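Have a look at the structure below before the remarks.
Quantities reported herein were computed from a predicted structural model and do not represent experimental measurements.
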Amino acid sequence: MNKISPLVLVLLLAGLSAGGQLQAVSPEVIPGSGIHPDSAAGAGSYLDSVKAELQKQWPHNRTINLVFHGHSVPSGYFKTPEVRTFDAYPYLVLKELKSLYPNAVINVIVTAIGGENSVQGAKRFRDEVLSHRPDVLFIDYALNDRGPGIEKSRAAWEEMIARALENDVKVILLTPSPDLRVDIGQAGNELEKFTGMIRELAKKHRVGLADSYGQFRRAALAGKDLEEFMSQVNHPNRKGHELIAAEIMEYFK
């Protein structure tokens, strides 16, 4: 089951903002620090250099490239085969960024492929990802990495992170969004194992972490039915994508 009776008093959603988007409240962020305990990169400072570029005006500005690498979720698949690009989190992030930085020129580049895992994604990383010269790279593969398994996936994630850092790219790793066939309230479930791996990698490499899994799990523990966030068993709907986008936007505020 994916609707879980409240076990702890957790406030996840502070309601809708004036713009109608969900605001995520993360009790796992150390108050006042902007630092996630599972990531060595503080959300408040990790992208300072990128935010400085976003604040520049013509003729001193330049195009900022955000590259989203992963599987069907960042690709925008809702109920397969429907693709709702502008309701998926890469473009929800773009919309929020343009509100914060109205003078910025921002490219959102989606290199994600539906059905792909990180082992496959690493093979085309140099030619199809780094070729876009990203300022910030987002990696979201955990849902599909259950296929190759955790060890092969860890090696693929490490390879992509290392290549990105060698090219002075800021990296934000995403933990998995839900699969309704997995009870995320159960300790030690398969998505939790991949979440642990990704948190470890973020800490090891001192990169950013957008903990989608943590947000959805807190929603479930607070009594929310995860079906409210899903368009099919393994693809979020717009409400689910808003939750992911809100987690990412912590790095740009």
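No side-chain donor-acceptor contact under 3.5 Å links E159 to the backbone of A155. Remark: side-chain polar atoms of R84 are not paired, donor with acceptor, to backbone N or O of G76 under 3.5 angstrom. Listed for the H69 side chain is a donor-acceptor partner under 3.5 Å among the backbone atoms of G121. A donor-acceptor pair is defined here as one N or O able to donate and one able to accept, closer than 3.5 Å; no such pair exists between the side chain of Q215 and the backbone of L243. Using modelled atom types, no side-chain atom of N167 and backbone atom of V169 make a donor-acceptor pair closer than 3.5 Å. Put simply, the side chain of N189 gets close to the backbone of E192: a donor and an acceptor are under 3.5 Å apart.
With values rounded to the nearest 0.5 angstrom, K204 atom NZ is found 14.0 Å from W157 atom CH2. Atoms CG and CZ, from L191 and F194 in turn, are 8.5 Å apart once rounded to the nearest 0.5 Å. Between S231 atom OG and R238 atom CZ the span is 13.0 Å, to the nearest 0.5 Å. Atoms NZ and OH, on K170 and Y251 in that order, are 11.5 Å from each other to the nearest 0.5 Å. Distance check, rounded to the nearest 0.5 Å: CD1 of I244 to CE of M249 gives 14.5 Å.
Here the side chains of V108 and V110 are in contact, with some heavy-atom distance below 4.5 Å. Looking at E242 and D87, their side chains never come closer than 4.5 Å, going by heavy atoms from C-beta outward. Using a 4.5 Å heavy-atom cutoff, the side chains of P74 and Y89 are in contact. The shortest distance between side-chain heavy atoms of P178 and F216 falls below 4.5 Å. Two residues are said to be in side-chain contact when any heavy atoms from C-beta on lie closer than 4.5 Å; H71 and L143 meet this criterion. For the pair L66 and I109, the minimum side-chain heavy-atom distance is 4.5 Å or more. The side-chain heavy atoms of L173 and V207, taken from C-beta on, include a pair separated by under 4.5 Å. Residues L54 and I106 meet the side-chain proximity criterion, which asks for heavy atoms closer than 4.5 Å.
Remark: Y46 engages no residue in a ring-ring contact (aromatic ring centres under 6.0 Å, His included) (not counting sequence neighbours). Listed by chain and number, the residues in a ring-ring contact (aromatic ring centres under 6.0 Å, His included) with Y91 are F86 (sequence neighbours excluded). Remark: Y101 engages no residue in a ring-ring contact (aromatic ring centres under 6.0 Å, His included) (not counting sequence neighbours).
Side-chain N/O atoms of E82 and Y77 include no donor and acceptor closer than 3.5 Å. A donor-acceptor contact closer than 3.5 angstrom is absent between the side chains of D135 and N65. Looking only at atom types and distance, the side chain of T63 has no donor-acceptor partner in the side chain of N107 under 3.5 Å away. S72 and H235 share a side-chain donor-acceptor pair at under 3.5 Å. For the residue pair H205/E158, the side-chain donor-acceptor check at 3.5 Å is satisfied.
In the hydrophobic clustering of this structure, L130 groups with V50; members are Ile, Leu, Val, Met, Phe, Trp, Tyr whose side-chain heavy atoms approach within less than 4.5 Å, directly or through other members. Hydrophobic clustering, with ILVMFWY side chains joined whenever heavy atoms are under 4.5 angstrom apart, groups V182 together with L174. In the hydrophobic clustering of this structure, L100 groups with I248; members are Ile, Leu, Val, Met, Phe, Trp, Tyr whose side-chain heavy atoms approach within less than 4.5 Å, directly or through other members. Cluster annotation: M197 and Y141 are assigned to the same hydrophobic cluster (Ile/Leu/Val/Met/Phe/Trp/Tyr, side-chain heavy-atom contacts under 4.5 Å, transitive). Tracing side-chain contacts under 4.5 Å through hydrophobic residues (I, L, V, M, F, W, Y), one never reaches F125 starting from V119; they form parts of separate clusters.
Nearest heavy-atom pair, S212 versus T175, reported as atom, atom and distance to 0.1 Å: N-OG1, 2.9 Å. The shortest heavy-atom contact between K253 and K51 is O-NZ, 2.9 Å. When all heavy atoms of L209 and A202 are compared, the closest pair comes out as CB-CB, 4.0 Å. Taking all atoms of both residues into account, the shortest heavy-atom contact from S99 to P102 is O-CD, 4.1 Å. D211 approaches R199 most closely through the heavy-atom pair OD2-NH2, 2.5 Å. Across all non-hydrogen atoms, the minimal contact from S131 to D127 is OG-O, 2.7 Å.
Ionic pairing of D179 and R146 is present here: one or more N-O contacts between side-chain nitrogen and carboxylate oxygen are shorter than 4.0 angstrom. Between E200 and K203 there is no salt bridge, since none of the side-chain N atoms of the basic residue sits less than 4.0 Å from a carboxylate O of the acidic one.
Shown here is K123, whose NZ atom has no more than 12 heavy atoms of other residues, nucleotides or ligands within 6.0 Å. Residue R124 qualifies as enclosed at atom CZ: its count of foreign heavy atoms under 6.0 Å is above 12. Atom NZ of K152 sits in a sparse spot, with 12 or fewer heavy atoms from other residues, nucleotides or ligands closer than 6.0 Å. Counting heavy-atom neighbours within 6.0 Å of R126 CZ, excluding the residue itself, gives a total of 12 or less.
When the options L137, L47, I139 are evaluated for a side-chain contact (heavy atoms from CB on, under 4.5 Å) with I172, the one that passes is L47. Under the side-chain contact (heavy atoms from CB on, under 4.5 Å) rule, V73 has a single partner from S177, P90, P176, which is S177.
Classified by interplanar angle (parallel below 30°, tilted 30° to 60°, perpendicular above 60°), the ring pair F68/F138 is parallel.
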Discussion item. Using the rule given for side chain to side chain contact (heavy atoms under 4.5 Å, CB included), can you reason through T111 versus H132, listing the C-alpha separation, both sets of side-chain angles and the distance that settles it, and then say yes or no?
Written reply: CA-CA 10 Å; T111 58; H132 292 292; 3.8 Å; yes
Practice prompt. Determine, stepwise, if the pair I150 / D145 fulfils side chain to side chain contact (heavy atoms under 4.5 Å, CB included).
Written response: CA-CA 7 Å; I150 201 161; D145 278 349; over 6 Å; no
